[in-house]
Amino acid sequence: MLVHKISEVKEKIKEWNGLKIGLVPTMGALHEGHLSLIKKAKETCDKVVVSIFVNPIQFGPSEDYDKYPRTLENDMELCNKERVDLVFAPSPSEMYGENIRLSNDNLTYVCPPFFYVNKLCGKSRVGHFDGVCTVVLKLFNIVQPDCAFFGQKDAQQVIIIKKMVKDLNVPVQIIQCPIVREESGLALSSRNKYLSENGKKEALVLSQILNNIKACYKKGITDIEALKETAYSYLTDKHELEYLEILDKNTLEENQNANENSIALIACRVENVRLIDNIYLGEI
């Protein structure tokens with residue numbers, strides 16, 4: 001069932017009184033990564049809501065909001081195949097009101113702690129996580145789920161949302177699901193659609209760098225700078241590295257040495273498409 005209005009969601013939620021509700025927030029252009037979240041939600045909950053909303057307030061002025069893929073018809077086919085109970089696909093005016101300038105001059109934003117956002121993706125995408133937290137909290141308030149499902153690929157996002165839920169006493173359990181990859185090793189992303197076939201091959205550098213860092217860690221190298229140095233032999237002029245960091249997987253804190261709680265995270269542009277990936281160093 002597809003709905004576009006908040007009031008329609010609330011009507012359906014009333015009918016589900018007493019049932020365990022799961023929410024999978026997405027921006028659409030669904031792929032196997034999203035479907036893995038839906039499958040997990042179906043296993044865990046009585047009813048599953050998928051939101052499809054390209055959220056304007058998490059995009060910067062020079063980012064790809066206007067050209068971000070919008071494939072609602074195909075998304076609905078996939079959701080129906082997975083027997084999703086409700087798909088909520090609102091417009092920006094439905095979410096934020098008519099004729100409201102979408103900035104924190106005119107709109108209440110949720111601002112996560114500076115420590116968590118002033119690194120990794122947040123450093124180059126100023127205001128991005130304010131927009132993410134604002135829309136996610138709105139979705140939580142609209143759907144009132146018991147559980148919400150997020151992918152590990154957006155590791156910083158998941159950590160920040162967990163922090164928001166804890167700090168604001170939001171009664172939602174955040175369930176993090178593993179990265180889904182193509183057979184080649186490339187992490188699935190809606191932005192992969194922008195890549196040529198050759199670009200997809202070049203993009204494999206991200207997972208190759210991360211896997212090599214993990215292999216070096218497993219061999220006993222723990223110095224973080226030494227681990228990061230191993231990346232540079234993989235990079236060519238076709239790769240624009242934005243960041244490569246090794247941080248605590250729960251707190252995003254920096255350490256001199258990697259340990260079982262470390263996560264290696266990378267962002268890199270290939271064919272001017274911004275891609276991210278990460279890997280836990282402590283997992284087998």
Side-chain angles (χ1 to χ4, degrees), residues 22-28 30-41 43-45 48-53 55 57-59 110-125 127-141 143 145-181 187-191 206-207 210 242-254 260-267 274-283:
L23 171 65
V24 182
T26 82
M27 292 207 300
L30 301 184
H31 51 64
E32 286 296 328
H34 297 109
L35 298 186
S36 72
L37 303 181
I38 293 170
K39 287 180 171 76
K40 183 66 176 177
E43 289 172 11
T44 311
C45 301
V48 173
V49 179
V50 172
S51 64
I52 295 176
F53 179 57
N55 177 34
I57 68 170
Q58 71 187 64
F59 287 81
V110 178
C111 301
F114 188 69
F115 175 82
Y116 287 81
V117 301
N118 189 37
K119 59 188 66 174
L120 304 172
C121 293
K123 206 160 188 176
S124 63
R125 304 186 71 188
H128 169 71
F129 287 112
D130 295 0
V132 168
C133 286
T134 301
V135 77
V136 168
L137 186 59
K138 284 178 72 68
L139 289 168
F140 287 171
N141 287 334
V143 178
D146 299 281
C147 306
F149 298 80
F150 295 88
Q152 182 198 317
K153 186 173 76 70
D154 297 299
Q156 185 179 16
Q157 172 179 282
V158 182
I159 291 167
I160 287 171
I161 288 169
K162 285 180 177 177
K163 176 71 173 164
M164 176 186 77
V165 163
K166 181 183 176 187
D167 287 354
L168 300 183
N169 304 107
V170 183
V172 177
Q173 180 186 2
I174 305 301
I175 297 177
Q176 179 175 311
C177 302
I179 296 172
V180 178
R181 299 182 181 276
L188 290 181
S189 168
S190 300
R191 288 188 169 95
L206 280 79
S207 58
L210 295 174
E242 182 181 311
Y243 66 70
L244 174 63
E245 299 290 347
I246 300 172
L247 305 172
D248 186 279
K249 69 181 182 183
N250 298 311
T251 65
L252 296 179
E253 290 179 297
E254 296 181 46
E260 293 296 287
N261 287 322
S262 294
I263 181 173
L265 310 103
I266 189 169
R274 187 178 184 277
L275 303 171
I276 62 172
D277 201 348
N278 64 77
I279 196 168
Y280 290 143
L281 301 190
E283 291 184 352

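Because only heavy atoms are used, hydrogens play no part in the values below, and waters and symmetry mates are left out as well, while side chains stay in.
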Hey, is NZ on Lys40 packed in by over 12 heavy atoms from elsewhere, all under 6.0 Å? no
For a quick test of reading the model, state the closest non-hydrogen atom pair linking [X] to [Y] and the distance between them.
X: Ala267; Y: Arg274; answer: CB-NH2, 4.1 Å
X: Tyr243; Y: Leu120; answer: CE2-C, 3.3 Å
X: Ile266; Y: Leu210; answer: CG2-CD1, 3.9 Å
X: Met27; Y: Ile52; answer: C-CG2, 4.3 Å
X: Cys147; Y: Val172; answer: C-CG1, 4.0 Å
X: Ala264; Y: Ile246; answer: CB-CG1, 4.0 Å

Excluding sequence neighbours, so at least two apart, what forms ring-ring contact (aromatic ring centres under 6.0 Å, His included) with His128? none
Are the side chain of Gln156 and the backbone of Cys121 linked by a donor-acceptor contact shorter than 3.5 Å? yes
So do Val24 and His34 actually touch side chain to side chain, heavy atoms under 4.5 Å? no
Run the numbers on Thr251 and Asn261 for side-chain contact (heavy atoms from CB on, under 4.5 Å), then give the verdict. CA-CA 10 Å; Thr251 65; Asn261 287 322; over 6 Å; no
Could you tell me whether Glu245 and Lys119 make a salt bridge, using a distance below 4.0 angstrom between a side-chain N and a carboxylate O? no
